[in-house]
Amino acid sequence: MTQADGKLPIVVLISGNGSNLQALIDAAQQDGRFVIRGVISNRSDAAGLARANDAHIPTRVIEHTQFADRAAFDEALAREIDSFEPGLVVLAGFMRILTSDFVNHYAGRMINIHPSLLPAFQGLHTHRRALEAGVSEHGASVHFVTDELDGGPVVAQVRVAVRADDSESVLAERVLQREHELLPQVVNWFAEGTLQLRDHTVWLHGSPITAPVQC
Ligand code: GRF
């Protein structure tokens, strides 16, 4: 699974800006234990594609609108991912719901970053909903992907305080800055072999975790 240099090959899936992808590119170029083999977007206008190009990482666009149904899209996507032979698939702002077949194909080797303190605020518009709910803390989570949307076992989280005068965009930006620390950290754990999913339980540094690690 690893390369000759001992680094773990990964594939990153995006749909938009790709600031989390950028955090991974930067980490890989510094002392990351992983190498980004490919970046795949379901949108040709995703700004993150330029980030990959600038870093000389191969990109692919597979537009979901070109497929008859979700299963056909997911099959094409899986073919493209597997052509890169990754040890880990990272969903970094990839805005598609995936079929069970697809998710099961990558069981234990696909993670997602979600902008909330899961299990709170699964789904969309997390920052707005956090403000509406009046929570004092918000954040982001990285979890293994299972066929329960945003419901897979959580590995680690970052937390930020919600301020009285926060707008949705200000809060989103504060969370995003912390996402950029969280995601490379979790990918590095996986690449080192210190993070695994076994029977729906997250193992880190040789022990099962009973709660998400707070970063
Ligand atoms: C992030 O907030 C991530 O948690 C969510 O989508 C956003 C993607 O941002 N899944 P970017 O494209 O990485 O800038």
Side-chain angles (χ1 to χ4, degrees), residues 10-29 32 34 36 38-55 57 59-64 77 88-98 102-103 106 110-131 135 137-162 166-188 190 212-215:
I10 72 169
V11 165
V12 184
L13 271 54
I14 62 167
S15 298
N17 182 34
S19 69
N20 276 293
L21 166 65
Q22 188 67 57
L24 291 172
I25 291 171
D26 294 346
Q29 285 172 352
F34 59 92
I36 306 173
V39 170
I40 304 176
S41 173
N42 65 312
R43 298 180 57 115
S44 58
D45 61 353
L49 290 167
R51 299 178 188 269
N53 285 330
D54 288 349
I57 299 167
T59 61
R60 305 277 188 273
V61 174
I62 307 176
E63 285 179 294
H64 58 277
L77 183 59
L88 180 70
V89 179
V90 179
L91 310 184
F94 185 67
M95 304 300 286
R96 295 294 301 166
I97 293 173
L98 299 161
F102 181 93
V103 168
Y106 298 105
M110 181 159 65
I111 59 172
N112 178 48
I113 184 157
H114 179 78
S116 79
L117 294 172
L118 290 170
F121 309 120
Q122 298 173 340
L124 298 174
H125 310 303
T126 57
H127 309 300
R128 186 190 315 164
R129 288 160 58 211
L131 289 174
V135 294
E137 270 194 319
H138 185 44
S141 308
V142 172
H143 63 95
F144 280 100
V145 178
T146 63
D147 57 9
E148 194 190 334
L149 183 66
D150 299 329
V154 178
V155 177
Q157 297 177 322
V158 285
R159 310 178 92 88
V160 304
V162 178
D166 269 341
S167 65
E168 187 179 346
S169 60
V170 166
L171 180 58
E173 182 57 31
R174 191 177 318 123
V175 172
L176 195 59
Q177 291 308 316
R178 300 295 315 283
E179 290 183 37
H180 300 161
E181 301 161 20
L182 175 64
L183 188 56
Q185 172 67 80
V186 174
V187 174
N188 268 322
F190 191 91
V213 176
Q214 303 301 312
C215 294

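First listed ligand is number 1; within each ligand, the first listed atom is number 1. Note that the coordinates shown come from a computational prediction; the quantities given were computed from them, not determined experimentally.
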Practice prompt. Take Met110 and Phe102 through the side-chain contact (heavy atoms from CB on, under 4.5 Å) test and state the conclusion after the steps.
Written response: CA-CA 10 Å; Met110 181 159 65; Phe102 181 93; 3.8 Å; yes
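The nearest protein atom to atom 13 (O) of ligand 1, hydrogens excluded, is given as Asn20 N, 2.8 Å; this is a heavy-atom distance. Nearest protein heavy-atom neighbour of atom 6 (O) of ligand 1: Gly93 CA, 3.5 Å. Here the protein heavy atom with the shortest distance to atom 14 (O) of ligand 1 is Ser19 OG, 2.5 Å. Closest to atom 10 (N) of ligand 1 among all protein heavy atoms lies Ile113 O, 3.0 Å.
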Tell me which donor-acceptor pairs under 3.5 Å the side chains of residues 146-153 have, and how far apart each pair is, sequence neighbours excluded?
| from | atom 1 | to | atom 2 | distance (Å) |
| --- | --- | --- | --- | --- |
| Thr146 | OG1 | Glu148 | N | 3.4 |
| Asp147 | OD2 | Ser100 | OG | 3.2 |
| Asp150 | OD2 | Gly123 | N | 2.8 |

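Partners of His114 by ring pair (Phe, Tyr, Trp, His ring centres under 6.0 Å), not counting sequence neighbours: none found.
Listed by number with element, the atoms of ligand 1 under 4.0 Å from a non-hydrogen atom of Asn17 are 12 (O), 14 (O).
Under a 4.0 angstrom heavy-atom cut-off, Gly18 registers as being in contact with ligand 1.
Side chain to side chain, Glu181 and Gln185 fail the donor-acceptor criterion of an N or O pair below 3.5 Å. A donor atom on one side chain and an acceptor atom on the other are not found under 3.5 Å apart for Ser116 and His138.
The number of heavy atoms from other shown groups lying within 6.0 Å of CZ (Arg51) is above 12.
If you look at Glu179 next to ligand 1, the close heavy atoms, those under 4.0 Å, all belong to the side chain.
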